[in-house]
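Residues: numbered from 1 along the sequence shown.
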Amino acid sequence: MNKKRVERIWRREGLKVPQRQPKRGRLWLNDGSCIRLKPERPNHVWAYDFVEDRTHDGRKLRMLNIVDEFTREALAIRVARRLNSTDVIDALSDLFILRGVPGHIRSDNGPEFIAKAVQAWITAVGAQTAYITPGSPWENGYIESFNARLRDEFLNGEIFYTLQEAKILIEAWRRQYNTVRPHSSLRYRPPAPEILLWPTPPAALKGAAPATAKPDQPPCN
């Protein structure tokens with residue numbers, strides 16, 4: 001038994017022989033420290049990317065996914081037939097109002113992300129762009145991992161008949177992903193679990209009227 005014989009059997013059974021992967025270099029400074037940007041706190045580094053799918057009639061469906069790299073929370077999934085640089089700015093502006101401006105926004109070098117209007121707008125609001133090296137998706141691993149989860153756990157098992165149906169179901173999945181689905185990197189906790197306070201805290205009862213006995217019932221001794 002040798003390598004060539006194993007490959008022959010592998011091909012005969014219809015399997016694919018994995019191609020040898022080239023070694024990838026890392027970016028290091030002279031002192032040995034890595035210069036890649038790492039998230040250090042919530043709202044420090046966001047990442048975004050596009051994912052495509054199709055409705056039942058074969059028409060293209062595009063999703064803009066935005067995640068917080070530190071908390072792993074899916075901040076938004078914008079769904080439309082077409083998405084361009086204007087839609088990117090619109091999605092980010094909504095999140096900036098709700099959550100504040102992040103320190104950095106990481107993305108690949110897609111035309112929607114490197115558009116001058118997008119770069120100028122992000123700089124104007126006080127954030128910084130962090131573009132990965134062209135052809136190096138592993139540098140944007142957080143969003144790539146999220147895209148894979150979205151594809152494997154949801155898109156591959158759903159048939160969308162209309163755009164509106166896709167928007168509703170994808171948003172429902174995003175909420176479930178954030179509040180219920182456990183993440184191994186977060187010690188098997190969801191990124192943004194819903195918190196229910198029980199019993200009701202005393203502060204919430206300050207404005208409540210005191211209970212009184214009914215007229216037809218004698219007061220308790």
Side-chain angles (χ1 to χ4, degrees), residues 21-52 62-79 83-153 170 174-175 177-179 181-193:
Q21 296 294 327
K23 293 184 178 180
R24 301 186 178 99
R26 299 296 179 183
L27 302 181
W28 302 90
L29 297 177
N30 292 332
D31 59 358
S33 60
C34 187
I35 65 175
R36 297 192 192 282
L37 178 65
K38 293 183 179 181
E40 299 175 355
R41 59 188 181 277
N43 239 29
H44 180 209
V45 183
W46 291 1
Y48 55 5
D49 197 9
F50 288 107
V51 170
E52 292 187 357
R62 210 169 192 209
M63 288 152 273
L64 173 62
N65 301 333
I66 308 175
V67 302
D68 187 314
E69 292 191 356
F70 186 84
T71 64
R72 308 296 202 274
E73 182 180 359
L75 303 177
I77 302 179
R78 179 67 63 93
V79 184
L83 291 169
N84 53 30
S85 58
T86 303
D87 298 305
V88 171
I89 295 175
D90 184 58
L92 289 178
S93 62
D94 290 343
L95 288 176
F96 287 1
I97 294 173
L98 292 174
R99 297 174 175 269
V101 179
H104 300 79
I105 304 179
R106 194 193 314 266
S107 70
D108 58 24
N109 294 268
E112 299 86 358
F113 302 137
I114 64 174
K116 292 182 179 179
V118 174
Q119 296 186 45
W121 184 83
I122 291 177
T123 303
V125 297
Q128 299 182 37
T129 55
Y131 295 110
I132 66 174
T133 306
S136 305
W138 58 87
E139 294 184 10
N140 205 8
Y142 294 96
I143 191 66
E144 293 292 343
S145 176
F146 175 80
N147 293 344
R149 302 288 79 73
L150 173 63
R151 178 75 63 187
D152 295 341
E153 299 177 10
I170 291 172
R174 185 188 72 87
R175 293 180 180 274
Y177 178 90
N178 287 335
T179 60
R181 182 189 182 278
H183 290 243
S184 58
S185 59
L186 301 177
R187 299 181 180 178
Y188 295 96
R189 293 176 295 182

Hey, are the side chains of Val51 and Arg151 touching, using non-hydrogen atoms and a 4.5 Å cut-off?
yes
Roughly how far, to the nearest 0.5 Å, is the CG atom of Asn43 from the NE2 atom of His104?
12.5 Å
Quick one: does Asp87's side chain have a donor or acceptor within less than 3.5 Å of a partner on Asn84's backbone?
yes
In this structure, CG of Asn140 is separated from OH of Tyr131 (nearest 0.5 Å) by 12.0 Å
Measure the acute angle between the ring planes of Trp121 and Phe96, then classify it against the limits of 30° and 60° as parallel, tilted or perpendicular.
parallel
Tell me if a side-chain donor or acceptor on Asp68 pairs with a main-chain N or O of Glu73 at a distance below 3.5 Å.
no
Does Asn147 reach the side chain of Met63, with side-chain heavy atoms less than 4.5 Å apart?
no
Nearest heavy-atom approach of Val118 to Ser85 is CG2-CB, 3.6 Å
Can you name the closest pair of heavy atoms from Arg72 and Pro191 and give their distance?
O-CG, 3.7 Å
Qualifying residues under side chain to side chain donor-acceptor pair (under 3.5 Å), relative to Arg78, sequence neighbours excluded
Asp90, Asp94
Please indicate whether Arg175 has more than 12 foreign heavy atoms, meaning atoms of other residues, nucleotides or ligands, lying under 6.0 Å from its CZ.
no
Between Val79 and Ile170, the two heavy atoms sitting closest are CG2-CD1, 3.8 Å
For Phe113, the option from Asp49, Thr129, Ile122, Ile105 that meets side chain to side chain contact (heavy atoms under 4.5 Å, CB included)
Asp49
Using only atom types and a distance under 3.5 Å, with no angle test, would you say the side chain of Arg106 pairs donor to acceptor with the backbone of Val45?
no
For Arg99 and Leu75, indicate whether the former's side chain and the latter's backbone hold a donor-acceptor pair under 3.5 Å.
no
Can you tell me how far apart OG (Ser145) and CG (Leu150) are? Round to the nearest 0.5 Å.
11.0 Å
Where Ile114 and Gln119 come nearest, the two heavy atoms and their spacing:
O-NE2, 2.6 Å
Measuring from atom CZ of Arg181 to atom CZ of Arg149, what distance do you get when rounded to the nearest 0.5 angstrom?
6.5 Å
For the pair Arg174 and Asn65, evaluate side-chain contact (heavy atoms from CB on, under 4.5 Å) and give the outcome as yes or no after the intermediate values.
CA-CA 10 Å; Arg174 185 188 72 87; Asn65 301 333; over 6 Å; no
Measure the shortest side-chain to side-chain distance between Tyr177 and His183 over non-hydrogen atoms and say whether it is less than 4.5 angstrom.
yes
Please identify which of these residues, Ile77, Leu83, Leu92, meets the side chain to side chain contact (heavy atoms under 4.5 Å, CB included) condition with Leu64.
Leu83
Show the nearest heavy-atom pair for residues Trp46 and Gly100, with the distance to one decimal.
CH2-O, 3.8 Å
For residues Glu69 and Ala47, report the shortest heavy-atom separation together with the two atoms involved.
OE2-CB, 3.4 Å
Rounded distance [0.5 Å steps], OH in Tyr48 versus CZ in Phe146
16.0 Å
